[in-house]
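Worksheet for the structure shown next.
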Amino acid sequence: MNLTKAKEALKEYFGYDEFRPMQGEIIQSIYDKKDVVVLMPTGGGKSVCFQIPAVTMFGTCVVVSPLIALMKDQVEGLRSNGISAAFLNSTLGSTEFMAIENDLLLGKIDLLYVSPEKAVTQDFMRLMKSITINLVAIDEAHCISSWGHDFRPEYTRLKFIRQNFPDIPIVALTATADRLTRKDIEEQLALTNPERFTASFDRPNLSLTVRPGRNRMEQVIEFIRNRKNQAGIIYCLSRKNTEDLSAKLNQNGIKSAYYHAGLSSQMRSDVQEDFINDNVPVICATVAFGMGIDKSNVRWVIHYNMPKNIEGYYQEIGRAGRDGAKADTVLFYSYGDVMILRDILTKNESENENIQLSKLERMQQFADSLICRRKILLNYFSENTDGNCGNCDICKNPPQHFDGTIVVQKALSAVYRTREKVGMNLLIDILRGSRRREIIERGYDKIKTYGAGSEFSTYDWQMFLQQMLNLGLMEIAYDKHNVLRLTEGAEEVLFKKRKVELVKMTSIMEHRSKKKAAAAPKKSKRERLRDELFEKLRALRKQMAQKKGIPPYLIFSDASLEEMAATKPSTVEDFLDISGVGKKKLQDYGKPFMKVIQDYILEQSGQGVRIKGSTHLVTFELYKKGNSPEEIAEERGLNPVTIYSHLAALYDKGEAVNIRQYIPARDFEGIKSLHDNNPKITPKEIFDINEGSLEYHVIRLSLSVLKKRN
Ligand code: ADP
Ligand code: ZN
């Protein structure tokens, strides 16, 4: 078996032209009957690695997956690509079970998903023995390890597969596995000399942004308002947070729901379904949300509070943009959150408290970072990168270094003069000269540094104070209501002429809100039209999904719709070129989607907007109404020759245009014999040979017909 076949299947079933890095190699190893361990980030494209072998090799591929809730969607997704698939788990009744068993025995199923519980039963073993298995895929393979975070005891019994089927390749796949877990996977599954593949954990389509946590509610509302109709998840620290936040969003006209482990299982699955089916775009959730969903068109993830560690953060933001289209992530960061997390970690007295605290510290360093955030993330996962990513807040908004000694002195002196009795927010208000009551009552408006820092925004001051904390110029008294305290470093700056360098960042947010709507990036007319068409396509997708009872993203991904809106395919050939459109999808959905695109192009050209390909379409519409080329030319104020060339082009693309009717039979025979003699002959040469006795458009049309015959 070779990769050419695999590539053809990739196009035919999934509509993709190229393998992503490593997919090809992994598939080749499976063809070579080797055991394989795949470590790839969420959204990296693990499934294709076993699905392509499954459809190209003889027999059935068994996929062990712990996520029962996902199986139905996964199978549905495969079927919508024209692949025969089924699942076996505890949710099936015995009739369904028997029907599937029957199909398996008849060799009708390419991919069979099973839960680990089912996989380890005697019955299933017998079933496996009675059919041809070409590959066993162990998804979420980290569940096998008690080191990992989702340990599933049944997984440890999967060793039986290797024992009973020594010749069938096994592929184990996971998105999270440290070295110990990887070793566990290989040992416990008894893999023989496995090939190991570790893909980059970079997800370049995810933008990374960290923002100060002050006024996060307003920031969130503005963020979502700029992303109408887009699906997103907001992760919160506590169950109560999720409920409060969701209520606030709903009050502000943003449709949202909340999700946490305290809800009944019915409520939880309702929320999931609504989210998956694009009925509710925004979910406020604890980290309990996300594991059981495969939704590929999550366009953004917000961390309303800081996560405990980078692993969790990365896994959660990883739920955005699984379709590979652009997606945004925002982390709100405040010292308050860090303190709460510290509290939780130290109070719980977990055995590895120190490890957890140091992980929290790494998370905080990420949030405090003044260099490319992606570099820090990838470094954390032991991946070296050169160059900046260009898609994080630091890269987009590089910090400017400046001599910050005076700024620091102002802040430290304010701490000193308020006798170390104020926290961060109050200090900022004092420096900025706020008239808030607490300040007046406590007489802070009388101190020398009151209002001394009014030239900087609150955001700037937050950034400065954060840096001062990191530089050890002051500290937070966790035991005394988190007031700020001076350190030895502070004395050096205040009294010993120590100089301090700070960096200043212009917040994109503040920048924008200052100039109000005017500064919102203006979209070109073309972009607006594209967005408009995208919305129409989205609406059609939703409608068809409802009719079929499947989630919209299984019909087409956002990325496919975006490409459609940008390239506006209106012929079968062009539609098949869209990434994510395979044979089956073309057959099931091509017509209605192309109709929307064509209608849109015609509607726009009716209003004088010229869109690439639109002139052909207008001609085609008039042709379909029974007009002759001359009549069309008359109506459109164009030359008939132009109309003939439109019709020839439409014919070339496979549209139903009868161009033979415009070619006199005698002329055709003459052109045919010239063409038979020399298939490379050009219209001009034919024209010249006939000394102008043939009309040019007749030659052009004839050549189209002859080309198609070959
Ligand atoms: P994982 O299981 O690793 O989280 P998936 O297998 O679900 O990732 O793939 C993530 C997305 O990427 C899916 O929408 C999938 O169709 C798409 N994808 C996979 N392989 C390719 C490819 N070669 N070209 C384009 N898109 C791909
Ligand atoms: Zn960057």
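First listed ligand is number 1; within each ligand, the first listed atom is number 1. Nothing here was measured: the structure is a model prediction, and the numbers come from that model.
Inspection of the Ser29 and Asp32 side chains reveals no N or O donor paired with an N or O acceptor under 3.5 Å. Under 3.5 Å, the side chains of Arg319 and Tyr235 contain a donor-acceptor pair of N or O atoms.
A salt bridge is absent between Asp558 and Arg538; no separation between the charged side-chain nitrogens and carboxylate oxygens falls under 4.0 Å.
Ring geometry, Phe556 versus Tyr589: the interplanar angle exceeds 60°, so the pair is classed perpendicular (tilted spans 30 to 60°). Aromatic ring pairs are classed by plane angle as parallel below 30°, tilted from 30° to 60° and perpendicular above 60°; the pair Phe332 and Tyr304 is perpendicular. Aromatic ring pairs are classed by plane angle as parallel below 30°, tilted from 30° to 60° and perpendicular above 60°; the pair Trp300 and Phe223 is perpendicular.
Considering all non-hydrogen atoms of both residues, Tyr155 and Asp139 come closest at OH-O, 2.7 Å.
Excluding water, every protein N/O/S atom under 2.8 Å from the Zn ion (ligand 2) is given here by residue and atom: Cys372 SG, Cys389 SG, Cys392 SG, Cys395 SG.
Between Tyr380 and Tyr314, a ring centre-to-centre spacing not shorter than 6.0 Å is recorded.
Among the candidates Val298, Leu561, Asn297, the single residue satisfying the side-chain contact (heavy atoms from CB on, under 4.5 Å) test with Asp323 is Asn297.
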Pairs of nitrogen or oxygen atoms, one from ligand 1 and one from the protein, closer than 3.5 Å: please tabulate them with distances.
unit_1: ligand 1; atom_1: 2 (O); unit_2: Ser47; atom_2: OG; d: 3.3
unit_1: ligand 1; atom_1: 3 (O); unit_2: Gly44; atom_2: N; d: 3.4
unit_1: ligand 1; atom_1: 3 (O); unit_2: Gly45; atom_2: N; d: 3.1
unit_1: ligand 1; atom_1: 3 (O); unit_2: Lys46; atom_2: N; d: 2.9
unit_1: ligand 1; atom_1: 3 (O); unit_2: Lys46; atom_2: NZ; d: 2.9
unit_1: ligand 1; atom_1: 4 (O); unit_2: Gly43; atom_2: N; d: 2.6
unit_1: ligand 1; atom_1: 4 (O); unit_2: Arg322; atom_2: NH2; d: 2.9
unit_1: ligand 1; atom_1: 6 (O); unit_2: Lys46; atom_2: N; d: 3.4
unit_1: ligand 1; atom_1: 6 (O); unit_2: Ser47; atom_2: N; d: 3.0
unit_1: ligand 1; atom_1: 6 (O); unit_2: Ser47; atom_2: OG; d: 2.9
unit_1: ligand 1; atom_1: 8 (O); unit_2: Gly45; atom_2: N; d: 3.1
unit_1: ligand 1; atom_1: 12 (O); unit_2: Arg20; atom_2: NH1; d: 3.3
unit_1: ligand 1; atom_1: 12 (O); unit_2: Arg20; atom_2: NH2; d: 3.1
unit_1: ligand 1; atom_1: 16 (O); unit_2: Tyr16; atom_2: OH; d: 2.5
unit_1: ligand 1; atom_1: 20 (N); unit_2: Gln23; atom_2: NE2; d: 3.0
unit_1: ligand 1; atom_1: 23 (N); unit_2: Glu18; atom_2: O; d: 2.8
unit_1: ligand 1; atom_1: 23 (N); unit_2: Arg20; atom_2: N; d: 3.4
unit_1: ligand 1; atom_1: 23 (N); unit_2: Gln23; atom_2: OE1; d: 3.0
unit_1: ligand 1; atom_1: 26 (N); unit_2: Arg20; atom_2: NH2; d: 3.3

